[in-house]
2 protein chains.
Amino acid sequence: MKATVVVELKPSVLDPQGKAIQHSLSTLGFAGVEDVRVGKLFRITLADIGGQTRDHVESQLRQMCERLLANTVVEHFSYTIEE
Amino acid sequence: MKATVVVELKPSVLDPQGKAIQHSLSTLGFAGVEDVRVGKLFRITLADIGGQTRDHVESQLRQMCERLLANTVVEHFSYTIEE
């Protein structure tokens, strides 16, 4: 089973890395770039354990995000699961 | 117009950051995490310039990836466009 987790800064939090990229794109001649925000993406391969419900997997993923992958003070996360 | 660009290491390239996260998840007690790979995600807001075709926007995004966002020697990229 494969899961994709996306962790991004909350909209209210400044993103200096994104601003730097936006500036670089303008310098390179790309017109009309109004905003860039950077996030992290995790592709997680989970062992297929028999009898595991989707609810259980979702709960595991949420815990992974809350305990390790995201700083929920300034970041939010989302995930998708592919069977 | 909003675009989302995902940049990930090619499958053949080692991902020590992903391995460290996989190890940390195991240490935290999450069983059955077989692999973790880390990528970058860019949310790009583009100005709506009249008469711009979707082909043109796609071409711009590809160039942004090739010239700045991705190192195409070791990374591959994909993008989605939301109107």
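The basis for the numbers below is simple: all heavy atoms, side chains too, and nothing from hydrogens, waters or symmetry mates. Just so it is clear: chains get the letters A, B, ... in the order the sequence lines come, proteins before strands, and each one is counted from 1.
- The residue among B:V7, B:D15, B:V33 with the most heavy atom pairs within less than 4.5 Å of chain A is B:V33.
- Counting only heavy atoms from C-beta outward, the side chains of A:R67 and B:L25 never approach each other to under 4.5 Å.
- With chain B as partner, the option from A:A47, A:A31, A:S24 having the largest number of non-hydrogen pairs under 4.5 angstrom is A:A47.
- The hydrophobic cluster containing A:V13 also contains A:V73, counting ILVMFWY residues as joined when their side-chain heavy atoms lie under 4.5 angstrom apart, directly or transitively.
- Residue B:R37 holds its CZ atom at 13.0 Å from OG1 of A:T4, rounded to the nearest 0.5 Å.
- In this structure, chain B has no heavy atom under 4.5 Å from any part of A:Q17.
- Contacts between B:V6 and chain A at a heavy-atom distance below 4.5 Å involve the side chain alone, from C-beta outward.
- Most heavy-atom pairs under 4.5 Å with chain A: of the set B:Q60, B:M1, B:Q22, B:K40, this distinction falls to B:Q60.
- Under a hydrophobic clustering in which Ile, Leu, Val, Met, Phe, Trp and Tyr are joined whenever their side-chain heavy atoms come within less than 4.5 Å, directly or via other members, B:L41 and B:L61 fall into different clusters.
- When each of B:I21, B:V38, B:V36 is checked for a side-chain contact (heavy atoms from CB on, under 4.5 Å) with A:L69, only B:I21 meets the rule.
- Interface summary for chain A: among B:M64, B:K2, B:Q52, the most heavy-atom pairs under 4.5 angstrom belong to B:M64.
- When B:T45, B:L46, B:I44 are each tested for a side-chain contact (heavy atoms from CB on, under 4.5 Å) with A:E34, only one passes: B:T45.
- Under the 4.5 Å side-chain heavy-atom criterion for grouping Ile, Leu, Val, Met, Phe, Trp and Tyr, B:L68 is not connected to B:V74 through any hydrophobic cluster.
- B:Q63 touches chain A through backbone and side chain together, each having a heavy atom under 4.5 Å away.
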